[in-house]
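Heads up: the structure comes next, in C-alpha coordinates.
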Number of protein chains: 2
Amino acid sequence: MPSSEFHTDPAPLYLKTKQMIINKIQSGEWYYNFKIPSEAELVKHLSISRMTINRAMRELMSEGYLIRIQGVGSFVAKQKGQSALFKVENIADEIQQRGRSHSSQVIIMETIDLNDAESSIKRLDFQQGTPIYHSLIVHYEDKIPVQIEERYVNAEIVPEYILQDFTKQTPNKYLNHVAPATEGEHIVEAVLADKQECSLLNINPKDPCLLIYRRTWSNAIIISNTKLIYPGSRYQLKGKFGL
Amino acid sequence: MPSSEFHTDPAPLYLKTKQMIINKIQSGEWYYNFKIPSEAELVKHLSISRMTINRAMRELMSEGYLIRIQGVGSFVAKQKGQSALFKVENIADEIQQRGRSHSSQVIIMETIDLNDAESSIKRLDFQQGTPIYHSLIVHYEDKIPVQIEERYVNAEIVPEYILQDFTKQTPNKYLNHVAPATEGEHIVEAVLADKQECSLLNINPKDPCLLIYRRTWSNAIIISNTKLIYPGSRYQLKGKFGL
DNA sequence: TAGTGGTCTAGACCACTGG
DNA sequence: CAGTGGTCTAGACCACTAG
(Lines give C-alpha, C1' and ligand atoms only; values in the text may rest on other atoms or scores of the structure.)
Protein backbone atom coordinates (compact mmCIF):
# COMPACT_ATOMS: atom_id res chain seq x y z
CA MET A 1 0.00 0.00 0.00
CA PRO A 2 2.26 2.73 -1.24
CA SER A 3 1.41 6.21 -0.15
CA SER A 4 1.59 7.43 -3.75
CA GLU A 5 -1.82 6.23 -4.93
CA PHE A 6 -3.32 7.38 -1.68
CA HIS A 7 -2.55 11.01 -2.20
CA THR A 8 -3.26 11.45 -5.90
CA ASP A 9 -6.94 11.37 -6.71
CA PRO A 10 -9.42 13.59 -4.96
CA ALA A 11 -11.37 11.95 -2.18
CA PRO A 12 -11.05 12.41 1.53
CA LEU A 13 -8.13 10.49 2.95
CA TYR A 14 -10.17 9.07 5.80
CA LEU A 15 -12.63 7.66 3.26
CA LYS A 16 -9.91 6.08 1.19
CA THR A 17 -8.46 4.64 4.35
CA LYS A 18 -11.82 3.19 5.33
CA GLN A 19 -12.29 1.72 1.88
CA MET A 20 -8.84 0.17 1.96
CA ILE A 21 -9.60 -1.52 5.26
CA ILE A 22 -13.02 -2.72 4.11
CA ASN A 23 -11.43 -4.16 1.00
CA LYS A 24 -8.90 -6.12 3.04
CA ILE A 25 -11.70 -7.46 5.19
CA GLN A 26 -13.94 -8.41 2.32
CA SER A 27 -11.17 -10.00 0.32
CA GLY A 28 -10.52 -12.17 3.35
CA GLU A 29 -6.96 -10.96 3.74
CA TRP A 30 -7.96 -9.54 7.11
CA TYR A 31 -10.23 -12.23 8.49
CA TYR A 32 -12.43 -12.50 11.59
CA ASN A 33 -10.50 -11.59 14.72
CA PHE A 34 -7.42 -10.59 12.75
CA LYS A 35 -5.43 -7.92 14.53
CA ILE A 36 -5.08 -5.17 12.02
CA PRO A 37 -2.16 -2.72 11.99
CA SER A 38 -2.13 -0.18 14.76
CA GLU A 39 -2.83 3.47 14.15
CA ALA A 40 0.87 4.22 14.46
CA GLU A 41 1.75 1.64 11.82
CA LEU A 42 -0.82 2.94 9.39
CA VAL A 43 0.43 6.47 9.98
CA LYS A 44 3.86 5.32 8.89
CA HIS A 45 2.80 3.14 5.95
CA LEU A 46 0.22 5.49 4.50
CA SER A 47 1.91 8.77 5.38
CA ILE A 48 -1.30 10.10 6.82
CA SER A 49 -1.66 11.84 10.13
CA ARG A 50 -2.89 9.89 13.09
CA MET A 51 -6.08 11.89 13.55
CA THR A 52 -7.15 10.93 10.05
CA ILE A 53 -6.38 7.26 10.57
CA ASN A 54 -8.15 7.49 13.89
CA ARG A 55 -11.28 8.89 12.32
CA ALA A 56 -11.35 6.18 9.68
CA MET A 57 -10.99 3.42 12.25
CA ARG A 58 -13.42 4.99 14.69
CA GLU A 59 -16.09 5.17 12.03
CA LEU A 60 -15.44 1.59 10.97
CA MET A 61 -15.90 0.56 14.56
CA SER A 62 -19.23 2.35 14.83
CA GLU A 63 -20.26 0.73 11.57
CA GLY A 64 -19.52 -2.67 12.98
CA TYR A 65 -16.47 -3.60 10.94
CA LEU A 66 -13.91 -3.36 13.73
CA ILE A 67 -13.61 -3.97 17.42
CA ARG A 68 -11.17 -1.61 19.08
CA ILE A 69 -9.77 -2.16 22.55
CA GLN A 70 -7.67 0.47 24.23
CA GLY A 71 -4.24 -0.80 25.12
CA VAL A 72 -4.67 -3.90 22.96
CA GLY A 73 -5.44 -3.20 19.33
CA SER A 74 -8.04 -3.22 16.58
CA PHE A 75 -9.62 -6.42 15.35
CA VAL A 76 -11.87 -7.47 12.51
CA ALA A 77 -15.40 -7.94 13.84
CA LYS A 78 -17.69 -10.79 12.98
CA GLN A 79 -19.51 -10.04 9.78
CA LYS A 80 -23.05 -11.08 9.32
CA GLY A 81 -25.64 -10.01 6.90
CA GLN A 82 -28.07 -7.66 8.47
CA SER A 83 -31.48 -6.68 7.38
CA ALA A 84 -33.53 -3.83 8.64
CA LEU A 85 -36.19 -5.51 10.65
CA PHE A 86 -39.20 -3.40 10.15
CA LYS A 87 -38.11 -1.33 7.26
CA VAL A 88 -39.05 -3.16 4.13
CA GLU A 89 -35.64 -3.26 2.58
CA ASN A 90 -34.66 -4.53 -0.77
CA ILE A 91 -32.31 -7.41 -0.21
CA ALA A 92 -30.35 -6.65 -3.36
CA ASP A 93 -29.62 -3.14 -2.10
CA GLU A 94 -28.64 -4.41 1.31
CA ILE A 95 -26.18 -6.84 -0.14
CA GLN A 96 -24.72 -4.30 -2.48
CA GLN A 97 -24.31 -1.85 0.38
CA ARG A 98 -22.12 -4.41 2.04
CA GLY A 99 -19.98 -4.50 -1.06
CA ARG A 100 -21.13 -8.01 -2.01
CA SER A 101 -22.77 -9.17 -5.16
CA HIS A 102 -26.41 -10.13 -5.28
CA SER A 103 -28.00 -12.61 -7.63
CA SER A 104 -31.21 -14.54 -7.61
CA GLN A 105 -32.93 -17.49 -9.14
CA VAL A 106 -36.62 -17.79 -9.90
CA ILE A 107 -37.82 -21.24 -8.89
CA ILE A 108 -41.54 -20.77 -9.30
CA MET A 109 -43.62 -18.18 -11.13
CA GLU A 110 -47.25 -19.12 -11.65
CA THR A 111 -50.87 -18.12 -11.38
CA ILE A 112 -52.91 -19.98 -8.82
CA ASP A 113 -56.44 -20.23 -7.66
CA LEU A 114 -56.74 -20.91 -3.97
CA ASN A 115 -59.83 -22.32 -2.42
CA ASP A 116 -60.85 -21.05 0.97
CA ALA A 117 -59.25 -23.79 2.98
CA GLU A 118 -55.83 -23.32 1.47
CA SER A 119 -56.24 -19.62 1.76
CA SER A 120 -56.90 -19.85 5.47
CA ILE A 121 -54.11 -22.23 6.17
CA LYS A 122 -51.57 -20.16 4.35
CA ARG A 123 -52.83 -16.99 6.01
CA LEU A 124 -53.72 -15.50 2.67
CA ASP A 125 -56.48 -13.11 3.41
CA PHE A 126 -57.13 -12.25 -0.19
CA GLN A 127 -60.68 -11.66 -1.24
CA GLN A 128 -62.38 -14.81 -2.41
CA GLY A 129 -61.87 -15.41 -6.10
CA THR A 130 -59.08 -12.87 -6.42
CA PRO A 131 -56.53 -14.19 -8.92
CA ILE A 132 -53.17 -14.68 -7.29
CA TYR A 133 -49.62 -14.90 -8.51
CA HIS A 134 -47.22 -17.16 -6.71
CA SER A 135 -43.46 -16.78 -6.92
CA LEU A 136 -40.57 -18.46 -5.20
CA ILE A 137 -37.15 -16.93 -5.50
CA VAL A 138 -33.79 -17.70 -3.91
CA HIS A 139 -31.44 -14.80 -3.24
CA TYR A 140 -27.69 -15.21 -3.17
CA GLU A 141 -24.92 -13.15 -1.65
CA ASP A 142 -21.68 -13.91 -3.44
CA LYS A 143 -23.20 -17.18 -4.70
CA ILE A 144 -24.22 -18.22 -1.19
CA PRO A 145 -27.98 -18.56 -0.71
CA VAL A 146 -29.19 -16.21 2.03
CA GLN A 147 -32.92 -15.96 1.56
CA ILE A 148 -35.91 -17.80 0.19
CA GLU A 149 -38.65 -15.41 -0.80
CA GLU A 150 -42.06 -16.90 -1.43
CA ARG A 151 -44.76 -14.47 -2.41
CA TYR A 152 -48.47 -14.47 -3.05
CA VAL A 153 -49.43 -11.34 -4.89
CA ASN A 154 -52.77 -9.76 -5.62
CA ALA A 155 -53.03 -10.11 -9.37
CA GLU A 156 -55.84 -7.59 -9.68
CA ILE A 157 -53.75 -4.81 -8.27
CA VAL A 158 -50.47 -5.79 -9.88
CA PRO A 159 -51.43 -7.58 -13.08
CA GLU A 160 -48.01 -7.34 -14.68
CA TYR A 161 -46.21 -8.99 -11.78
CA ILE A 162 -46.05 -12.26 -13.61
CA LEU A 163 -44.35 -10.71 -16.62
CA GLN A 164 -41.35 -9.40 -14.71
CA ASP A 165 -37.84 -10.79 -14.80
CA PHE A 166 -37.01 -11.01 -11.11
CA THR A 167 -33.40 -11.87 -11.67
CA LYS A 168 -33.01 -8.28 -12.85
CA GLN A 169 -35.13 -6.47 -10.29
CA THR A 170 -36.39 -7.87 -7.01
CA PRO A 171 -40.12 -8.21 -6.40
CA ASN A 172 -39.70 -5.84 -3.48
CA LYS A 173 -38.36 -3.12 -5.71
CA TYR A 174 -40.93 -3.72 -8.38
CA LEU A 175 -43.83 -3.68 -5.95
CA ASN A 176 -42.54 -0.58 -4.24
CA HIS A 177 -42.62 1.05 -7.59
CA VAL A 178 -46.03 0.01 -8.84
CA ALA A 179 -47.94 -0.34 -5.57
CA PRO A 180 -46.09 1.01 -2.55
CA ALA A 181 -47.29 -0.42 0.72
CA THR A 182 -48.99 1.88 3.17
CA GLU A 183 -49.37 -0.69 5.90
CA GLY A 184 -47.70 -3.90 6.86
CA GLU A 185 -47.45 -6.65 9.38
CA HIS A 186 -44.57 -8.88 10.34
CA ILE A 187 -44.40 -12.09 12.22
CA VAL A 188 -40.98 -13.39 13.11
CA GLU A 189 -40.22 -16.90 14.27
CA ALA A 190 -37.32 -19.23 14.70
CA VAL A 191 -37.86 -22.52 12.90
CA LEU A 192 -36.16 -25.41 11.21
CA ALA A 193 -36.34 -25.42 7.43
CA ASP A 194 -38.08 -28.24 5.64
CA LYS A 195 -36.36 -30.55 3.21
CA GLN A 196 -36.91 -28.44 0.11
CA GLU A 197 -35.87 -25.27 1.89
CA CYS A 198 -32.70 -26.85 3.23
CA SER A 199 -31.85 -27.95 -0.23
CA LEU A 200 -32.43 -24.49 -1.71
CA LEU A 201 -30.43 -22.79 1.03
CA ASN A 202 -27.80 -25.48 1.11
CA ILE A 203 -27.97 -25.85 4.86
CA ASN A 204 -28.21 -28.61 7.39
CA PRO A 205 -31.72 -29.63 8.52
CA LYS A 206 -30.68 -28.82 12.07
CA ASP A 207 -29.68 -25.22 11.34
CA PRO A 208 -32.06 -22.74 12.90
CA CYS A 209 -33.65 -20.27 10.51
CA LEU A 210 -35.46 -17.01 10.81
CA LEU A 211 -38.92 -17.12 9.32
CA ILE A 212 -40.70 -13.89 8.53
CA TYR A 213 -44.25 -13.58 7.39
CA ARG A 214 -44.85 -10.19 5.97
CA ARG A 215 -48.18 -8.94 4.69
CA THR A 216 -48.52 -5.58 3.06
CA TRP A 217 -51.47 -3.43 2.20
CA SER A 218 -51.88 -0.46 -0.03
CA ASN A 219 -54.75 1.67 1.15
CA ALA A 220 -56.41 -1.22 2.93
CA ILE A 221 -56.18 -3.57 -0.06
CA ILE A 222 -53.89 -6.50 0.48
CA ILE A 223 -51.04 -6.45 -1.97
CA SER A 224 -48.85 -9.33 -1.06
CA ASN A 225 -48.16 -11.99 1.44
CA THR A 226 -44.60 -13.06 1.79
CA LYS A 227 -42.71 -15.77 3.55
CA LEU A 228 -39.01 -15.15 3.96
CA ILE A 229 -36.56 -17.71 5.29
CA TYR A 230 -33.03 -16.81 6.30
CA PRO A 231 -30.38 -19.21 7.55
CA GLY A 232 -29.68 -18.11 11.13
CA SER A 233 -25.99 -18.60 10.64
CA ARG A 234 -25.86 -16.14 7.79
CA TYR A 235 -28.32 -13.46 8.65
CA GLN A 236 -29.43 -11.02 11.29
CA LEU A 237 -32.30 -8.62 11.34
CA LYS A 238 -31.61 -5.23 12.71
CA GLY A 239 -33.87 -2.42 13.64
CA LYS A 240 -33.71 0.89 15.37
CA PHE A 241 -36.32 3.06 16.93
CA GLY A 242 -36.61 6.28 18.70
CA LEU A 243 -35.21 9.70 19.04
CA MET B 1 -23.27 27.55 28.67
CA PRO B 2 -20.35 28.82 30.68
CA SER B 3 -17.06 27.24 29.82
CA SER B 4 -16.31 26.67 33.49
CA GLU B 5 -18.57 23.68 34.08
CA PHE B 6 -17.50 22.22 30.81
CA HIS B 7 -13.93 21.72 31.82
CA THR B 8 -14.29 20.54 35.39
CA ASP B 9 -15.58 17.01 35.67
CA PRO B 10 -14.01 14.15 33.77
CA ALA B 11 -15.80 13.12 30.59
CA PRO B 12 -14.72 13.65 27.02
CA LEU B 13 -15.39 17.17 25.86
CA TYR B 14 -16.97 16.02 22.62
CA LEU B 15 -19.45 13.93 24.62
CA LYS B 16 -20.35 16.80 26.91
CA THR B 17 -20.80 18.95 23.85
CA LYS B 18 -23.11 16.37 22.28
CA GLN B 19 -25.08 16.12 25.48
CA MET B 20 -25.43 19.87 25.73
CA ILE B 21 -26.81 20.05 22.20
CA ILE B 22 -29.19 17.13 22.74
CA ASN B 23 -30.47 18.79 25.88
CA LYS B 24 -31.21 22.00 24.03
CA ILE B 25 -33.08 20.03 21.39
CA GLN B 26 -35.09 17.99 23.80
CA SER B 27 -35.97 20.91 25.99
CA GLY B 28 -37.37 22.55 22.89
CA GLU B 29 -35.04 25.51 23.14
CA TRP B 30 -33.58 24.45 19.81
CA TYR B 31 -36.62 23.35 17.83
CA TYR B 32 -37.12 21.71 14.43
CA ASN B 33 -35.20 23.56 11.74
CA PHE B 34 -33.57 25.89 14.24
CA LYS B 35 -30.17 27.05 13.03
CA ILE B 36 -27.83 26.17 15.83
CA PRO B 37 -24.63 28.10 16.52
CA SER B 38 -21.84 27.56 14.03
CA GLU B 39 -18.71 25.63 14.89
CA ALA B 40 -16.81 28.88 15.18
CA GLU B 41 -19.31 30.29 17.64
CA LEU B 42 -19.25 27.20 19.81
CA VAL B 43 -15.47 27.27 19.76
CA LYS B 44 -15.61 30.75 21.20
CA HIS B 45 -18.39 30.18 23.71
CA LEU B 46 -17.21 26.83 25.02
CA SER B 47 -13.49 27.43 24.73
CA ILE B 48 -13.06 24.12 22.98
CA SER B 49 -11.07 23.55 19.86
CA ARG B 50 -12.87 23.35 16.57
CA MET B 51 -11.93 19.73 15.87
CA THR B 52 -13.67 18.69 19.06
CA ILE B 53 -16.80 20.67 18.29
CA ASN B 54 -16.68 19.28 14.79
CA ARG B 55 -16.57 15.72 16.03
CA ALA B 56 -19.52 16.29 18.35
CA MET B 57 -21.64 17.80 15.59
CA ARG B 58 -20.58 15.25 12.99
CA GLU B 59 -21.64 12.42 15.27
CA LEU B 60 -24.93 14.11 16.04
CA MET B 61 -25.54 14.37 12.34
CA SER B 62 -24.88 10.70 11.76
CA GLU B 63 -27.19 9.92 14.68
CA GLY B 64 -29.95 11.90 13.08
CA TYR B 65 -30.13 14.85 15.44
CA LEU B 66 -28.72 17.45 13.07
CA ILE B 67 -28.66 18.35 9.42
CA ARG B 68 -25.45 20.01 8.34
CA ILE B 69 -25.00 21.87 5.07
CA GLN B 70 -21.66 23.11 3.96
CA GLY B 71 -21.61 26.82 3.47
CA VAL B 72 -24.92 27.25 5.24
CA GLY B 73 -25.04 25.93 8.76
CA SER B 74 -26.30 23.22 11.11
CA PHE B 75 -29.98 22.69 11.79
CA VAL B 76 -32.10 20.63 14.14
CA ALA B 77 -33.46 17.63 12.26
CA LYS B 78 -37.01 16.39 12.28
CA GLN B 79 -37.81 13.97 15.06
CA LYS B 80 -38.25 10.50 13.70
CA GLY B 81 -41.73 9.08 14.06
CA GLN B 82 -42.13 6.65 16.89
CA SER B 83 -42.64 3.22 15.46
CA ALA B 84 -45.25 1.39 17.36
CA LEU B 85 -43.48 -1.59 15.91
CA PHE B 86 -40.75 -1.49 18.35
CA LYS B 87 -42.97 -0.82 21.23
CA VAL B 88 -40.94 -2.51 23.88
CA GLU B 89 -43.53 -4.73 25.36
CA ASN B 90 -43.53 -5.98 28.85
CA ILE B 91 -43.67 -9.74 28.71
CA ALA B 92 -45.75 -9.94 31.85
CA ASP B 93 -48.40 -7.72 30.27
CA GLU B 94 -48.34 -9.70 27.04
CA ILE B 95 -48.90 -12.94 28.87
CA GLN B 96 -51.67 -11.52 31.00
CA GLN B 97 -53.37 -10.13 27.93
CA ARG B 98 -53.54 -13.67 26.61
CA GLY B 99 -55.27 -14.66 29.80
CA ARG B 100 -52.34 -16.66 31.08
CA SER B 101 -50.42 -16.26 34.26
CA HIS B 102 -46.92 -14.87 34.34
CA SER B 103 -44.23 -15.66 36.84
CA SER B 104 -40.48 -15.30 36.87
CA GLN B 105 -37.39 -16.51 38.63
CA VAL B 106 -34.27 -14.46 39.27
CA ILE B 107 -31.22 -16.61 38.57
CA ILE B 108 -28.50 -13.97 38.78
CA MET B 109 -28.42 -10.48 40.25
CA GLU B 110 -24.98 -9.02 40.72
CA THR B 111 -22.67 -6.08 40.24
CA ILE B 112 -19.86 -6.59 37.78
CA ASP B 113 -16.84 -4.76 36.57
CA LEU B 114 -16.12 -5.37 32.93
CA ASN B 115 -12.73 -4.63 31.51
CA ASP B 116 -12.58 -3.09 28.09
CA ALA B 117 -12.01 -6.30 26.23
CA GLU B 118 -15.09 -8.02 27.58
CA SER B 119 -17.07 -4.86 27.17
CA SER B 120 -16.18 -4.52 23.50
CA ILE B 121 -16.70 -8.13 22.68
CA LYS B 122 -20.09 -8.22 24.34
CA ARG B 123 -21.04 -4.98 22.59
CA LEU B 124 -21.53 -3.27 25.89
CA ASP B 125 -20.72 0.25 24.97
CA PHE B 126 -20.86 1.53 28.47
CA GLN B 127 -18.45 4.27 29.39
CA GLN B 128 -15.21 2.96 30.68
CA GLY B 129 -15.34 2.26 34.37
CA THR B 130 -19.11 2.59 34.57
CA PRO B 131 -20.40 0.20 37.20
CA ILE B 132 -22.75 -2.36 35.74
CA TYR B 133 -25.49 -4.55 37.10
CA HIS B 134 -26.04 -7.96 35.61
CA SER B 135 -29.27 -9.87 35.94
CA LEU B 136 -30.57 -13.11 34.51
CA ILE B 137 -34.24 -13.89 34.79
CA VAL B 138 -36.45 -16.65 33.41
CA HIS B 139 -40.04 -15.81 32.57
CA TYR B 140 -42.81 -18.38 32.67
CA GLU B 141 -46.23 -18.53 31.08
CA ASP B 142 -48.43 -20.88 33.08
CA LYS B 143 -45.31 -22.48 34.57
CA ILE B 144 -43.77 -23.05 31.15
CA PRO B 145 -40.54 -21.13 30.55
CA VAL B 146 -40.88 -18.81 27.56
CA GLN B 147 -38.05 -16.32 27.85
CA ILE B 148 -34.57 -15.90 29.27
CA GLU B 149 -33.82 -12.26 29.93
CA GLU B 150 -30.21 -11.36 30.55
CA ARG B 151 -29.50 -7.70 31.20
CA TYR B 152 -26.54 -5.44 31.69
CA VAL B 153 -27.67 -2.16 33.18
CA ASN B 154 -25.93 1.16 33.65
CA ALA B 155 -25.63 1.38 37.41
CA GLU B 156 -24.86 5.07 37.35
CA ILE B 157 -28.18 5.92 35.78
CA VAL B 158 -30.25 3.32 37.57
CA PRO B 159 -28.49 2.79 40.90
CA GLU B 160 -31.43 1.12 42.59
CA TYR B 161 -31.84 -1.56 39.94
CA ILE B 162 -30.06 -4.08 42.08
CA LEU B 163 -32.43 -3.56 45.00
CA GLN B 164 -35.57 -4.48 43.06
CA ASP B 165 -37.55 -7.66 43.41
CA PHE B 166 -38.00 -8.70 39.81
CA THR B 167 -40.41 -11.49 40.60
CA LYS B 168 -42.90 -8.72 41.43
CA GLN B 169 -42.20 -6.27 38.62
CA THR B 170 -40.25 -6.98 35.43
CA PRO B 171 -37.02 -5.09 34.73
CA ASN B 172 -38.70 -3.74 31.61
CA LYS B 173 -41.46 -2.14 33.62
CA TYR B 174 -39.11 -0.85 36.27
CA LEU B 175 -36.72 0.68 33.73
CA ASN B 176 -39.57 2.24 31.78
CA HIS B 177 -40.55 3.92 34.99
CA VAL B 178 -37.22 5.23 36.21
CA ALA B 179 -35.37 5.79 32.92
CA PRO B 180 -37.59 5.49 29.86
CA ALA B 181 -35.70 4.75 26.69
CA THR B 182 -35.65 7.36 23.98
CA GLU B 183 -33.76 5.25 21.48
CA GLY B 184 -33.21 1.60 20.91
CA GLU B 185 -31.70 -0.99 18.68
CA HIS B 186 -32.71 -4.57 18.06
CA ILE B 187 -30.86 -7.40 16.48
CA VAL B 188 -32.78 -10.58 15.85
CA GLU B 189 -31.25 -13.93 15.02
CA ALA B 190 -32.20 -17.55 14.92
CA VAL B 191 -29.87 -19.69 17.01
CA LEU B 192 -29.64 -22.87 19.01
CA ALA B 193 -29.57 -22.43 22.76
CA ASP B 194 -26.55 -23.51 24.75
CA LYS B 195 -26.68 -26.15 27.43
CA GLN B 196 -27.55 -23.84 30.32
CA GLU B 197 -30.20 -22.07 28.28
CA CYS B 198 -31.80 -25.36 27.20
CA SER B 199 -31.93 -26.38 30.79
CA LEU B 200 -33.52 -23.13 31.92
CA LEU B 201 -36.06 -23.21 29.10
CA ASN B 202 -36.59 -26.94 29.37
CA ILE B 203 -36.16 -27.47 25.65
CA ASN B 204 -34.28 -29.81 23.37
CA PRO B 205 -30.83 -28.63 22.21
CA LYS B 206 -32.06 -28.93 18.63
CA ASP B 207 -34.99 -26.57 19.08
CA PRO B 208 -34.44 -23.30 17.20
CA CYS B 209 -34.70 -20.15 19.30
CA LEU B 210 -35.17 -16.49 18.63
CA LEU B 211 -32.34 -14.41 20.00
CA ILE B 212 -32.89 -10.70 20.43
CA TYR B 213 -30.22 -8.26 21.40
CA ARG B 214 -31.76 -5.02 22.47
CA ARG B 215 -29.85 -1.93 23.47
CA THR B 216 -31.61 1.11 24.78
CA TRP B 217 -30.52 4.67 25.31
CA SER B 218 -31.97 7.54 27.20
CA ASN B 219 -30.87 10.81 25.65
CA ALA B 220 -27.76 9.28 24.11
CA ILE B 221 -26.67 7.60 27.34
CA ILE B 222 -26.79 3.84 27.17
CA ILE B 223 -29.17 2.43 29.73
CA SER B 224 -29.19 -1.26 29.20
CA ASN B 225 -28.12 -4.05 26.99
CA THR B 226 -30.36 -7.07 26.91
CA LYS B 227 -30.22 -10.55 25.49
CA LEU B 228 -33.56 -12.28 25.16
CA ILE B 229 -33.97 -15.90 24.17
CA TYR B 230 -37.33 -17.38 23.21
CA PRO B 231 -38.02 -20.97 22.25
CA GLY B 232 -39.12 -20.82 18.62
CA SER B 233 -41.85 -23.30 19.27
CA ARG B 234 -43.47 -21.14 21.91
CA TYR B 235 -43.02 -17.62 20.69
CA GLN B 236 -43.56 -15.29 17.79
CA LEU B 237 -42.58 -11.72 17.39
CA LYS B 238 -45.20 -9.53 15.85
CA GLY B 239 -45.07 -6.03 14.51
CA LYS B 240 -47.07 -3.66 12.43
CA PHE B 241 -46.18 -0.56 10.59
CA GLY B 242 -47.86 2.13 8.65
CA LEU B 243 -50.92 4.19 8.91
C1' DT C 1 -16.60 38.57 -0.06
C1' DA C 2 -17.59 36.64 4.47
C1' DG C 3 -19.33 32.78 6.71
C1' DT C 4 -20.00 27.95 6.90
C1' DG C 5 -18.74 23.15 7.20
C1' DG C 6 -15.04 19.39 5.35
C1' DT C 7 -10.70 17.89 5.92
C1' DC C 8 -5.91 17.42 7.38
C1' DT C 9 -1.72 17.91 10.16
C1' DA C 10 1.92 17.50 13.91
C1' DG C 11 2.30 17.12 18.19
C1' DA C 12 0.65 16.36 22.82
C1' DC C 13 -1.07 14.06 27.12
C1' DC C 14 -3.72 10.47 28.94
C1' DA C 15 -5.65 5.63 30.37
C1' DC C 16 -5.37 1.20 29.65
C1' DT C 17 -3.19 -3.41 28.50
C1' DG C 18 0.29 -6.68 28.42
C1' DG C 19 4.65 -8.60 29.54
C1' DC D 1 7.94 -0.73 30.67
C1' DA D 2 6.44 -0.17 25.61
C1' DG D 3 2.48 -0.34 22.78
C1' DT D 4 -2.17 0.71 22.05
C1' DG D 5 -6.25 3.49 21.43
C1' DG D 6 -8.87 8.02 23.41
C1' DT D 7 -8.81 12.64 23.33
C1' DC D 8 -7.54 17.44 22.51
C1' DT D 9 -5.38 21.49 20.40
C1' DA D 10 -4.06 25.40 17.21
C1' DG D 11 -3.68 26.30 13.01
C1' DA D 12 -4.24 25.48 8.10
C1' DC D 13 -6.37 25.06 3.41
C1' DC D 14 -10.32 23.95 0.88
C1' DA D 15 -15.27 23.87 -1.27
C1' DC D 16 -19.44 25.57 -0.95
C1' DT D 17 -23.32 29.14 -0.20
C1' DA D 18 -25.17 33.42 0.23
C1' DG D 19 -25.56 38.31 -0.29
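The structure presented is a predicted model; accordingly, all values stated were derived computationally and were not measured. Just so it is clear: chains get the letters A, B, ... in the order the sequence lines come, proteins before strands, and each one is counted from 1.
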Legend entry - Rounded distance (Å) that lies between atom P of D:dT7 and atom CZ of A:R55: 15 Å
Legend entry - Whole-Å gap separating C1' (D:dG6) and CZ (A:R68): 8 Å
Inset, instruction - Determine: side-chain N/O of B:Y14 to OP1/OP2 of D:dC8, distance under 4.0 Å, yes or no. - result: no
Inset, instruction - Grab the CG-P distance between B:L42 and C:dT4 for me, whole Å please. - result: 11 Å
Inset, instruction - Looking only at side-chain atoms of B:M51, point me to the closest of C:dT7, C:dC16, C:dT4. - result: C:dT7
Legend entry - Ring centroid separation B:F166 to B:Y161 under 6.0 Å: yes
Legend entry - Residue whose closest nucleotide on DNA chain D lies nearer the 5' end, A:R58 versus A:G73: A:G73
Legend entry - Between D:dG5 (P) and A:E59 (CD): distance, integer Å: 16 Å
Inset, instruction - Evaluate the criterion side-chain contact (heavy atoms from CB on, under 4.5 Å) for residue pair A:E41 and A:K44; output intermediate values, then yes/no. - result: CA-CA 5 Å; A:E41 287 172 310; A:K44 208 174 355 174; 5.5 Å; no
Inset, instruction - Name the closest nucleotide to the B:N54 side chain, picking from C:dT7, C:dG5, D:dC8. - result: C:dT7
Legend entry - Residue-phosphate contact under 4.0 Å: B:S74 side-chain N/O, C:dG5 OP1/OP2: yes
Legend entry - B:Q70 CD - C:dG5 P separation (whole Å): 10 Å
Inset, instruction - May I have the distance from A:K35 (atom NZ) to D:dT4 (atom C1'), rounded to whole angstrom? - result: 7 Å
Inset, instruction - For A:R68 and A:N54, run side-chain contact (heavy atoms from CB on, under 4.5 Å): C-alpha distance rounded to whole Å, both residues' side-chain angles, the deciding distance at 0.1 Å, then the answer. - result: CA-CA 11 Å; A:R68 279 155 72 73; A:N54 178 274; 3.6 Å; yes
Inset, instruction - Name the orientation class of the two ring planes belonging to A:F34 and A:Y31 (parallel below 30°, tilted from 30 to 60°, perpendicular beyond 60°). - result: perpendicular
Legend entry - Atom-to-atom span, CE of B:M57 to P of C:dT4 - whole angstrom: 11 Å
Inset, instruction - With the side chain of B:R50 defined as its heavy atoms from C-beta on, choose the nearest nucleotide among C:dG6, C:dT9, D:dT7. - result: C:dG6
Legend entry - Counterpart base for D:dG19, defined by Watson-Crick or G-U wobble contacts under 3.5 Å: none
Legend entry - Selection from C:dT4, C:dG5, C:dA10 that lies nearest to any side-chain heavy atom of A:S49: C:dA10
Inset, instruction - Ignoring backbone atoms, test whether B:S38 places a side-chain nitrogen or oxygen under 4.0 Å from the OP1 or OP2 oxygen of C:dT4. - result: yes
Inset, instruction - Would you mind reading off the distance between B:I36 atom CD1 and C:dG3 atom P, rounded to a whole angstrom? - result: 19 Å
Legend entry - Closest approach of B:E110 to B:I162 (non-hydrogen atoms, all atoms of both residues): C-CD1, 3.8 Å
